[in-house]
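Take a look at the structure set out below.
Numbered from 1 within each chain, the chains take letters A, B, ... in sequence-line order. No hydrogens, no waters, no symmetry mates; every other heavy atom, side chains included, goes into these values.
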There are 4 protein chains.
Amino acid sequence: MAGTKDGGGVGGATKPVAQRLLATATRLFAEQGYDRTSVQEIVDAAGVTKGALYHYFGSKDDLLHEVYGRVLRLQQERLDHFASSGAPVEQRLRDAAADVVVTTIENLDDATIFFRSMHLLSPEKDKQVRAERRRYHERFRALVEEGQRTGVFAADIPADLIVDYHFGSVHHLGTWYRADGPLTPQQVADHLAELLLRALRP
Amino acid sequence: MAGTKDGGGVGGATKPVAQRLLATATRLFAEQGYDRTSVQEIVDAAGVTKGALYHYFGSKDDLLHEVYGRVLRLQQERLDHFASSGAPVEQRLRDAAADVVVTTIENLDDATIFFRSMHLLSPEKDKQVRAERRRYHERFRALVEEGQRTGVFAADIPADLIVDYHFGSVHHLGTWYRADGPLTPQQVADHLAELLLRALRP
Amino acid sequence: MAGTKDGGGVGGATKPVAQRLLATATRLFAEQGYDRTSVQEIVDAAGVTKGALYHYFGSKDDLLHEVYGRVLRLQQERLDHFASSGAPVEQRLRDAAADVVVTTIENLDDATIFFRSMHLLSPEKDKQVRAERRRYHERFRALVEEGQRTGVFAADIPADLIVDYHFGSVHHLGTWYRADGPLTPQQVADHLAELLLRALRP
Amino acid sequence: MAGTKDGGGVGGATKPVAQRLLATATRLFAEQGYDRTSVQEIVDAAGVTKGALYHYFGSKDDLLHEVYGRVLRLQQERLDHFASSGAPVEQRLRDAAADVVVTTIENLDDATIFFRSMHLLSPEKDKQVRAERRRYHERFRALVEEGQRTGVFAADIPADLIVDYHFGSVHHLGTWYRADGPLTPQQVADHLAELLLRALRP
DNA sequence: GATGAATGAGAATTCATTCAT
DNA sequence: GATGAATGAATTCTCATTCAT
């Protein structure tokens with residue numbers, strides 16, 4: 001009764017109302033924080049009524065969960081794509097590392113919410129999100145380990161730590177990146193990937 | 001009338017009540033998030049009444065601000081210390097970079113709150129905190145720039161970005177570091193400082 | 001978001017709940033004073049919950065503002081009516097002066113609140129109410145001035161003062177008038193209008 | 001235990017602290033209203049601590065009661081003085097009517113509180129204040145009745161009503177009189193007394 | 001599908017007063 | 001005399017959610 005009802009899976013043919021609600025909620029959550037954003041604000045900003053929101057989403061928490069789902073699906077897809085190209089491991093890691101930066105900047109609201117509000121999910125949903133994040137982390141770590149095993153990367157630092165090292169910088173983007181700043185998303189991505197690769201030079 | 005009243009400046013001889021309240025609030029904010037922690041919970045856990053809390057702190061927001069003040073004062077002091085030692089710049093940067101990691105882990109509650117809740121400060125206090133963070137950032141950046149100018153560090157990546165790169169990993173510690181994990185704070189610090197220094201090798 | 005939401009404009013087809021709340025609040029404000037009347041008391045007496053009150057009124061202050069709006073609209077309408085009749089100016093002034101007395105007595109709760117609680121309105125609403133009162137005052141003064149210009153009234157006392165003189169006695173009604181006293185509202189009105197007219201005899 | 005302890009009778013040799021507290025409270029009550037003025041504000045503005053206030057006054061209500069006592073004593077004294085002069089009754093009424101206007105303007109804070117806050121007194125003190133007001137009213141009415149009996153004043157309007165008529169205008173002074181306006185207190189007083197006397201012409 | 005009035009539990013904050021020192 | 005820390009009850013207001021229409 002309180003679970004996601006429809007909410008609009010990424011590629012679904014759902015009513016634009018659900019998508020508008022989710023987009024509005026995402027913006028407001030990023031701007032004000034989840035707890036500071038009332039359901040009334042969301043529906044007012046989306047131009048619908050509360051009944052409509054509760055028609056599409058089982059609860060406010062569901063909206064947050066949708067944001068997580070969207071981010072996780074997107075990043076996992078992209079990581080899978082880059083990690084399974086036939087390129088040398090340095091290239092695959094560089095591509096994946098840079099891509100997550102670009103994608104994060106391009107969805108900075110999602111990312112801001114992602115890193116700031118995970119502790120606000122209901123325990124059940126939190127568990128689910130953690131599991132998906134772990135899967136993502138492990139795929140990324142596998143790339144690092146492959147390079148370490150094959151001698152392409154320095155092997156004296158735990159691969160887990162290296163993954164968190166890079167994701168720290170991704171996590172942090174929402175804190176400092178501004179679209180009107182001096183660097184394009186791609187430039188930031190190239191720099192950060194370069195720093196990662198240099199840090200891994202044997 | 002509504003500002004911080006006393007709250008316990010660092011070295012004061014203030015009553016234990018204010019300190020107990022702040023310690024309790026810090027723990028609860030880190031565990032549950034600021035907005036999810038009620039004033040009632042704080043005073044119950046601290047064993048006092050709401051009146052006592054409001055005797056010492058002008059508002060719930062003040063408690064949060066105190067946490068920020070404590071973190072900022074501590075980190076700035078430590079950075080100033082390491083940055084002004086007479087050692088070569090590589091050493092100074094390594095020391096400062098490792099120290100902030102250790103200090104962050106040792107005050108992980110503070111740090112968790114710091115990175116997660118800055119957007120919840122009142123605009124006025126947010127402004128003040130941002131100003132202090134900027135000062136910290138600039139001092140750290142000066143170290144990087146010094147090394148770049150003197151040819152000790154690679155100069156093809158903006159110093160600002162490098163600072164954010166490192167602080168991303170610090171920021172991220174609260175997300176993954178566990179006291180019962182395989183690495184001591186010092187080991188994490190050494191690894192992260194090593195990664196930074198390697199990334200900066202010319 | 002915090003302004004008056006509906007509250008029951010004069011001639012609307014609004015739900016009885018809002019009207020019941022306003023009537024209850026008016027009574028309690030007159031009996032106990034605005035600050036001494038809690039929102040809880042109002043909703044208990046009206047048989048609804050706080051949520052309902054805040055559904056219709058943005059704040060407790062809004063309720064007070066509604067009382068002011070109601071009084072001002074009523075008195076302005078009546079003054080406009082009497083002042084623009086074709087009668088001689090003595091008659092018009094006498095009619096208007098007597099009518100405001102009768103109307104005030106018939107809405108003595110409103111009037112009590114009006115004169116006692118204006119300083120409790122929020123600055124913004126206070127400003128608005130003052131503007132409307134000034135308009136009312138000026139219309140009344142115009143009657144006095146017309147009589148003074150045409151020699152019907154004594155002209156050696158400022159018209160403004162005369163208006164305040166009469167409204168002082170209206171203002172004061174709440175302090176002494178009792179429905180079970182010896183005089184009917186109309187008798188009081190006739191006496192007070194007579195006193196005013198006598199005072200104005202040239 | 002909660003009664004007035006000392007508070008400073010008018011001409012006493014009490015500590016200046018009590019007088020400063022009362023003066024400060026009077027100003028704040030007039031500016032903000034009794035209920036909106038906190039004990040903390042009063043002591044802050046008076047430069048003392050709460051302990052001091054509760055040393056001199058049994059309660060916040062006592063402060064209000066003191067204001068009433070001061071006003072009532074003063075006005076009763078002055079009325080007694082003017083009413084018992086040997087002058088003709090028209091002169092005695094005119095003098096008394098003008099004097100209460102001047103005295104009220106000169107103590108406008110007291111008067112503002114007087115008329116606005118009587119309903120906030122504790123029942124016991126309210127009763128006492130009402131008794132003193134009645135005494136005052138009756139003395140004033142006696143003047144009017146004397147004139148009516150002796151044919152100096154019109155007798156077709158109840159004397160009680162005439163007293164309330166005049167006191168309405170006094171009551172109202174706090175609403176409109178401004179020290180920087182065009183009329184001096186004495187001018188206002190002369191005008192209002194003149195209006196009263198004219199209204200009473202047979 | 002959609003509305004919006006109404007709920008009820010809980011939020012932060014205020015404040016007159018007391019009392020150990 | 002005077003302090004100011006502490007109390008505890010009350011205050012205004014918020015909000016996710018439900019449900020009759």
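With rounding to the nearest 0.5 Å, the separation of CZ in C/Phe115 from CG in C/Asp110 is 11.0 Å. The line from CG of A/Asp35 to CG of B/Asp35 is 4.5 Å long, rounded to the nearest 0.5 Å.
Protein atom CG of D/Leu64 is 13 Å distant from nucleotide atom P of E/dA16, rounded to whole Å. The CG-P distance, from D/Leu21 to E/dA16, rounds to 14 Å in whole Å. In this structure, C/Asp44 places its CG atom 14 Å from C1' of F/dT11, rounding to the nearest Å. Taking atom CZ on B/Arg20 and atom P on F/dA5, their separation rounds to 15 Å, with Å as the unit.
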| task | Determine, step by step, whether A/Leu63 and A/Leu53 satisfy the side-chain contact (heavy atoms from CB on, under 4.5 Å) criterion, reporting the C-alpha distance in whole Å, the side-chain angles of both residues, the deciding distance to 0.1 Å, and the verdict. | result | CA-CA 10 Å; A/Leu63 283 165; A/Leu53 187 150; 4.0 Å; yes

| request: Before giving the answer on side-chain contact (heavy atoms from CB on, under 4.5 Å), spell out for A/His119 and B/Thr112 the whole-Å C-alpha distance, their side-chain angles and the decisive distance to 0.1 Å. | output: CA-CA 11 Å; A/His119 63 299; B/Thr112 300; over 6 Å; no

Check residues 42-52 of chain B and write down every donor-acceptor pair under 3.5 Å in which the side-chain atom is one partner and the other belongs to a residue at least two apart or another chain.
residue : atom : partner : partner atom : Å
B/Asp44 : OD1  : B/Gln40 : NE2          : 3.0
B/Lys50 : NZ   : B/Gln40 : OE1          : 3.1

Under 3.5 Å between N/O atoms: give me all the protein pairs with nucleotides 10-13 of chain E, atom names plus distance.
residue : atom : partner : partner atom : Å
E/dA12  : OP1  : B/Val39 : N            : 3.3
E/dA12  : OP1  : B/Lys60 : NZ           : 3.1
E/dA12  : OP2  : B/Val39 : N            : 2.9
E/dT13  : OP2  : B/Tyr54 : OH           : 2.5
E/dT13  : OP2  : B/Lys60 : N            : 2.9
E/dT13  : O5'  : B/Tyr54 : OH           : 3.4
E/dT13  : O4   : B/Lys50 : NZ           : 3.1

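Which of F/dG1, E/dG4, E/dT7 sits closest to the side chain of C/Ala52 comes down to E/dT7.
Close to E/dA6, at under 4.0 Å from its OP1 or OP2, lies no side-chain N or O of C/His55. OP1 or OP2 of F/dA2 has at least one side-chain nitrogen or oxygen of D/Tyr56 nearer than 4.0 Å.
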| remark: Note, DNA chain E 5' to 3' with Watson-Crick or G-U pairs under 3.5 Å encoded as ( ), [ ], | and . gives .||||||||||||||||||||

